[in-house]
Amino acid sequence: MSQTEDKIIEEILKYVAQKGGPPSQWYVGISKDPQKSLFKEHNVPKDKTPWLYRFAFDHIEAERIEDMLLRRGFDGAQINKDINAKAIYVYKKTPQTKE
């Protein structure tokens with residue numbers, strides 16, 4: 001794992017710990033447009049629900065980070081095969097969000 005991968009995973013885990021809830025209450029995904037994914041596709045309330053995204057070096061690195069978080073208990077679909085998708089995003093699931 002690269003330093004970038006380690007740093008992104010560390011930042012996400014720290015953020016989740018600060019905002020609360022077990023990893024299973026959080027959704028992780030990758031996207032080329034994380035704001036569209038978060039706020040339009042998943043219906044995350046921008047000002048009410050915790051969310052975060054970071055950019056990996058490339059799609060392969062983003063997939064590895066996503067896989068690592070899924071193995072740590074995060075929810076997610078692991079379906080984005082777009083080679084331009086290099087943003088890793090997480091949000092806390094609520095009744096308003098769409099997984």
Side-chain angles (χ1 to χ4, degrees):
M1 209 178 302
S2 75
Q3 287 184 331
T4 303
E5 288 177 66
D6 288 339
K7 182 178 177 191
I8 291 171
I9 291 168
E10 181 181 318
E11 284 181 25
I12 290 172
L13 293 175
K14 183 177 179 181
Y15 181 77
V16 167
Q18 289 173 344
K19 298 299 179 182
S24 61
Q25 289 181 351
W26 289 77
Y27 187 95
V28 61
I30 58 175
S31 174
K32 67 179 175 186
D33 185 346
Q35 290 196 23
K36 178 181 175 190
S37 295
L38 285 164
F39 309 123
K40 293 188 180 191
E41 296 168 8
H42 292 289
N43 200 37
V44 174
K46 197 173 203 174
D47 299 326
K48 296 179 183 177
T49 301
W51 57 269
L52 176 76
Y53 64 85
R54 295 290 184 261
F55 286 93
F57 177 72
D58 59 20
H59 180 72
I60 294 167
E61 187 172 80
E63 282 185 327
R64 284 195 302 257
I65 294 167
E66 179 185 38
D67 183 61
M68 177 66 74
L69 294 172
L70 289 168
R71 285 190 276 132
R72 286 180 173 248
F74 282 70
D75 190 13
Q78 204 169 21
I79 57 172
N80 196 327
K81 301 300 178 193
D82 182 344
I83 62 168
N84 296 311
K86 57 184 179 180
I88 301 94
Y89 63 88
V90 296
Y91 64 88
K92 191 169 188 179
K93 298 184 294 182
T94 69
Q96 293 83 23
T97 59
K98 294 185 236 173
E99 285 66 62

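On a predicted model such as this, the values are computed, not experimentally measured, just so you know.
For residues 34-48, no pair satisfies salt bridge (Lys or Arg N to Asp or Glu O under 4.0 Å), with sequence neighbours left out. Sequence neighbours left out, not one pair with a member in residues 14-25 passes side-chain hydrogen bond (donor to acceptor under 3.5 Å, both in side chains).
Nearest heavy atom pair, residue Thr97 against residue Pro45, reads CG2-CD, 4.2 Å. The two residues Met68 and Ile9 have their closest heavy-atom pair at CG-CD1, 3.7 Å. Trp26 and Gly20 get closest at one heavy-atom pair: NE1-O, 3.1 Å. Of all the heavy atoms in Asp82 and Lys32, the pair that sits closest is OD2-CD, 3.4 Å. Smallest separation of non-hydrogen atoms from Ser31 and Ser37: OG-OG, 2.7 Å. When all heavy atoms of Ala56 and Ile65 are compared, the pair lying nearest together is CB-CD1, 4.3 Å.
Under the rule for a side-chain hydrogen bond (donor to acceptor under 3.5 Å, both in side chains), Asn43 has no partner lying at least two apart in sequence or in another chain. For Asp75, the salt bridge (charged side-chain N to carboxylate O under 4.0 Å, His left out) test picks out Lys93, with sequence neighbours left out.
With contacts defined as side-chain heavy-atom distances shorter than 4.5 Å, the pair His59/Asn84 does not qualify.
Interatomic distance, CD of Glu5 versus CD1 of Ile60, reported as 10.5 Å (0.5 Å rounding). With values rounded to the nearest 0.5 angstrom, Ile30 atom CD1 is found 5.0 Å from Glu63 atom CD. From Ile8, atom CD1 reaches atom CD of Glu66 across 12.5 Å, with rounding to the nearest 0.5 Å.
Using a distance-only test at 3.5 Å, with no hydrogens or angles considered, a donor-acceptor pair links the side chain of His42 to the main chain of Lys98.
Applying the 4.5 Å side-chain rule to ILVMFWY residues, one finds Tyr27, Phe39, Val44, Trp51, Tyr53, Phe55, Tyr89, Tyr91 in the same cluster as Leu38. Here Phe57 is tied to no hydrophobic group at all, with no ILVMFWY side chain closer than 4.5 Å.
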**Message:** Does Leu52 form a side chain to side chain contact (heavy atoms under 4.5 Å, CB included) with Val16? I'd like the steps, not just the answer.
**Reply:** CA-CA 9 Å; Leu52 176 76; Val16 167; over 6 Å; no
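With respect to the salt-bridge test (charged N to carboxylate O, under 4.0 angstrom), the residues Lys86 and Asp58 do not qualify.
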